[in-house]
There are 2 protein chains.
Amino acid sequence: MNKNQALVWDHPRFRSWIAVARACQLMQTVLTRELSELDIKPPHLDILVNLYRFEGISQQELARKLLVGRSNMSMTLPQMEKRGLVERRGDTKDKRVLRLFLTEEGRAVAEEAMAIQTGLIERTLSSTPIEQCHAMAESMEKIILALHAEMADETESA
Amino acid sequence: MNKNQALVWDHPRFRSWIAVARACQLMQTVLTRELSELDIKPPHLDILVNLYRFEGISQQELARKLLVGRSNMSMTLPQMEKRGLVERRGDTKDKRVLRLFLTEEGRAVAEEAMAIQTGLIERTLSSTPIEQCHAMAESMEKIILALHAEMADETESA
DNA sequence: ACTTTATTGTTCAATATTGAACATTATTGG
DNA sequence: CCAATAATGTTCAATATTGAACAATAAAGT
């Protein structure tokens with residue numbers, strides 16, 4: 001049955017994607033280590049970055065942006081609130097939603113964490129020329145669109 | 001303090017990498033859904049693929065290849081063994097190591113799962129020309145090397 | 001106005017993942 | 001041969017993540 005095996009590993013796009021996935025996983029691992037000095041993990045960084053950019057976002061919107069479940073936010077955000085990184089205020093118009101904000105400290109930690117992440121990316125992508133980076137990003141955007149289409153398919157056929 | 005924010009988001013390699021990370025995360029999400037019909041998840045697929053290619057590998061080696069802890073394998077593999085997908089046999093030379101093999105069913109599931117993954121990759125990368133895929137893979141290999149160097153740095157300075 | 005449906009967030013049980021401490025077996029240095 | 005060190009796998013507690021069921025509020029349909 002090595003016919004199938006050969007087919008899979010010969011597939012050029014398959015091999016390419018495996019490299020992408022591996023790089024991502026490694027980046028995550030290294031980022032986790034480097035963020036540990038701030039006592040946060042990648043999921044917290046994602047939250048901080050999004051609150052930095054989209055102040056007053058709701059938990060629902062945040063979960064959608066991060067591609068995680070609402071329950072995830074319900075578990076994680078109270079922890080970050082206790083640590084004084086974020087603040088949750090009820091919306092006055094709609095009593096269901098909680099709007100999210102960075103605290104002073106949250107903003108500071110967000111900036112340090114983004115600096116760490118940017119530094120890591122700069123170091124590890126420095127050998128890849130800018131044009132190639134842009135080409136990569138373009139390909140990724142197309143892939144992201146295709147994947148969103150896949151997700152829509154799955155949901156509507158359910 | 002939007003000076004810092006602007007700097008971060010203007011950084012071209014930063015933006016490029018964010019696209020990569022997002023594509024990976026989406027791919028993982030969609031793959032998880034598509035694998036559910038086989039009652040397995042991406043981590044199991046990773047294990048099956050590696051056992052398919054590297055028969056008789058040890059738990060340690062497998063963990064290293066998958067970039068996870070040994071304890072992860074100690075928790076996951078017995079489950080897969082109970083489900084009849086893999087088999088663990090003690091090495092005769094070294095009584096510490098357990099060598100891993102696919103069962104008949106494990107091989108079948110592995111092939112189905114790889115077919116699902118390959119199909120998904122083919123569909124979502126079809127809009128990216130082959131040459132671009134290769135260029136992407138090359139960049140990723142360089143990034144992987146850089147990240148391994150980072151990990152070595154961290155470990156040796158500890 | 002009122003009933004139904006949809007949205008937002010929470011809770012809970014199930015599952016996954018990790019790192020540290022540990023037991024067993026190998027290897028190394030004397 | 002023996003003691004010290006290293007390697008392999010396991011266990012356990014801590015933490016994360018998910019989906020389903022739920023409560024409260026809003027929106028839509030009648």
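Letters go in sequence order (proteins before strands), and every chain restarts at 1.
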Rounded off to whole Å, could you give me the [atom1]-to-[atom2] distance for the [X] and [N] pair?
X: Leu62(A); N: dT8(C); atom1: CG; atom2: P; value: 13 Å
X: Asp91(A); N: dA26(D); atom1: CG; atom2: P; value: 9 Å
X: Asp94(B); N: dA7(D); atom1: CG; atom2: C1'; value: 8 Å
X: Leu98(B); N: dA26(C); atom1: CG; atom2: P; value: 12 Å
X: Lys95(A); N: dA27(D); atom1: NZ; atom2: C1'; value: 15 Å
X: Lys93(B); N: dT27(C); atom1: NZ; atom2: P; value: 12 Å
X: Gln59(B); N: dT8(D); atom1: CD; atom2: C1'; value: 9 Å

Mind listing the side-chain donor-acceptor pairs of residues 61-74 of chain B below 3.5 Å, one per line with the distance, residues two or more places apart or on another chain?
| residue | atom | partner | partner atom | Å |
| --- | --- | --- | --- | --- |
| Glu61(B) | OE1 | Ser58(B) | N | 2.9 |
| Glu61(B) | OE1 | Ser58(B) | OG | 3.2 |
| Asn72(B) | OD1 | Thr76(B) | OG1 | 3.0 |

Determine all donor-acceptor pairs shorter than 3.5 Å in which one atom belongs to a side chain in residues 42-50 of chain B; sequence neighbours excluded.
| residue | atom | partner | partner atom | Å |
| --- | --- | --- | --- | --- |
| His44(B) | ND1 | Lys41(B) | N | 3.0 |
| Asn50(B) | ND2 | Asp46(B) | O | 2.9 |

Query raised in the report: Do any pairs count as a salt bridge (Lys or Arg N to Asp or Glu O under 4.0 Å) and have a residue in residues 73-88 of chain B, sequence neighbours left out, and if so which ones?
Result: Glu81(B)-Arg88(B), Glu87(B)-Arg89(B)
Query raised in the report: Restricting to pairs with a member in residues 128-148 of chain A, which pass salt bridge (Lys or Arg N to Asp or Glu O under 4.0 Å), not counting sequence neighbours?
Result: none
Requested in this report: Taking only the side-chain nitrogens and oxygens of Gln60(B), find out if one of them lies under 4.0 Å from OP1 or OP2 of dT8(D).
Outcome: yes
Query raised in the report: For dT10(C), does either OP1 or OP2 sit under 4.0 Å from a side-chain N or O belonging to Arg88(A)?
Result: yes
**Report entry** Test salt bridge (Lys or Arg N to Asp or Glu O under 4.0 Å) applied to Arg96(B) - qualifying residues, sequence neighbours left out
**Finding:** Asp94(B)
Requested in this report: For the pair Glu112(B) and Arg107(B), find out whether any cationic side-chain nitrogen is under 4.0 Å from an anionic carboxylate oxygen.
Outcome: no
Query raised in the report: Which parts of nucleotides 11-24 of chain D does protein reach within less than 4.0 Å, heavy atoms only, written one letter per nucleotide 5' to 3' as B for base, S for sugar-phosphate only and - for none?
Result: B----SBBBB----
